[in-house]
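Comments concern the structure below.
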Amino acid sequence: QVQLVESGGGLVQPGGSLRLSCAASGFTLRYYSIGWFRQAPAKEREGVSCISSRDGSTYYADSVKGRFTISRDNAKNTVYLQMNSLKPEDTAAYYCAATDFELVPGKELSKDSYDYWGQGTQVTVSS
C-alpha cells in the first residue's frame with residue numbers, strides 16, 4: 001500500500017526556516033517523482049516544487065525560487081523541502097505527492113500529474 005506521511009510543519013516567524021519531510025512506505029521512493037504542493041484557505045492547491053525520478057531534476061514555483069530547496073534521501077525513503085526566508089504568504093497546508101509516470105514537460109507542478117497524496121502538514125508564518 002502506497003503511503004506518504006508529511007511532517008515538520010509548525011508556526012514560524014517571518015524570515016524563519018522549516019524543513020518538511022515526506023516519508024514514503026509501501027514503495028521505493030527513488031523510482032517515483034515527488035512533488036510538494038500547498039493550499040491556503042479558499043485557494044487552489046498549487047505546486048511548489050518537485051524532484052524527478054528520471055534524473056533528479058528539480059523544479060520550483062517562481063514564488064519560492066531561491067528560498068525553498070527540495071532533496072531526496074533514498075536511504076531513508078524520504079523527500080525533504082527546506083524552506084528558508086519564510087513569508088506570511090507561505091502559510092498553507094503542505095502536501096507531498098508521488099507518481100511513477102514520467103512527468104510531462106511543463107506539467108511538473110500540476111496536481112493532475114500525481115497519483116498518490118499525503119494528508120498534509122500545516123505551515124503558519126506569523127509574528
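Predicted, not measured: the structure shown is a model, and the values here were computed from it.
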Can you name the residues that form a side-chain contact (heavy atoms from CB on, under 4.5 Å) with [X], not counting sequence neighbours?
| X | answer |
| --- | --- |
| Phe101 | Thr99, Asp115 |
| Asp112 | Ser110 |
| Gln3 | Val5, Ser25 |
| Ser63 | Arg38, Ala61 |

Locate the shortest heavy-atom distance separating [X] from [Y]; write the atom from each residue and the value.
| X | Y | result |
| --- | --- | --- |
| Thr78 | Ser21 | CG2-CB, 4.1 Å |
| Gly56 | Ile51 | O-CG1, 3.7 Å |
| Ala98 | Tyr32 | CB-CD2, 4.1 Å |
| Ser113 | Lys107 | OG-O, 2.8 Å |
| Ser52 | Ser33 | CA-OG, 3.5 Å |

Indicate, with yes or no, if [Y] and [X] share a hydrophobic cluster defined by side-chain heavy-atom contacts under 4.5 Å among Ile, Leu, Val, Met, Phe, Trp and Tyr.
| X | Y | value |
| --- | --- | --- |
| Leu11 | Leu81 | no |
| Tyr116 | Leu109 | no |
| Tyr94 | Leu29 | yes |

[atom1] of [X] to [atom2] of [Y]: how many Å apart, nearest 0.5 Å?
| X | Y | atom1 | atom2 | answer |
| --- | --- | --- | --- | --- |
| Arg19 | Ser17 | CZ | OG | 12.0 Å |
| Ser49 | Glu108 | OG | CD | 11.0 Å |
| Arg72 | Arg30 | CZ | CZ | 9.0 Å |

By side-chain hydrogen bond (donor to acceptor under 3.5 Å, both in side chains) - contacts of [X] (at least two apart):
| X | answer |
| --- | --- |
| Ser57 | Asp55 |
| Gln39 | Arg45 |
| Lys65 | Asp62 |
| Ser71 | none |

**Message:** Can you pull out every ring-ring contact (aromatic ring centres under 6.0 Å, His included) where at least one residue sits in residues 58-91? Sequence neighbours excluded, please.
**Reply:**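 Qualifying pairs, neighbours excluded: none.
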
**Prompt:** With ILVMFWY side chains joined below 4.5 Å, transitively, what does Phe37's cluster contain besides itself?
**Reply:**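 Tyr95, Leu103, Tyr114, Trp117, which link up through side-chain heavy atoms under 4.5 Å apart, make up the rest of the cluster.
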
Donor-acceptor pairs under 3.5 Å, side chain of residues 120-127 to any protein atom, not counting sequence neighbours: which ones?
unit_1 : atom_1 : unit_2 : atom_2 : d
Thr121 : OG1    : Gly9   : N      : 3.2
Gln122 : NE2    : Ala92  : O      : 3.4

**Request:** Spell out, as yes or no, whether a donor-acceptor pair under 3.5 Å connects the side chain of Asp100 to the backbone of Ser53.
**Result:**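 Answer holds: no.
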
**Request:** Report yes if the side chains of Val48 and Met83 come closer than 4.5 Å at any heavy-atom pair, otherwise no.
**Result:**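 Val48 does not reach Met83 side chain to side chain.
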
**Validation row: Ile70, Val79 side chains within 4.5 angstrom (heavy atoms)** =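 Yes - at least one pair of side-chain heavy atoms lies under 4.5 Å apart.
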
**Request:** Return the set of residues passing disulfide bond (SG atoms under 2.5 Å apart) with Cys22 (not counting sequence neighbours), or none when no residue passes.
**Result:**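 For Cys22, the residues satisfying disulfide bond (SG atoms under 2.5 Å apart) (neighbours in sequence not counted) are Cys96.
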
**Item:** Glu89 atom CD, over 12 foreign heavy atoms within 6.0 Å
**Value:**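 More than 12 within 6.0 Å, yes.
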
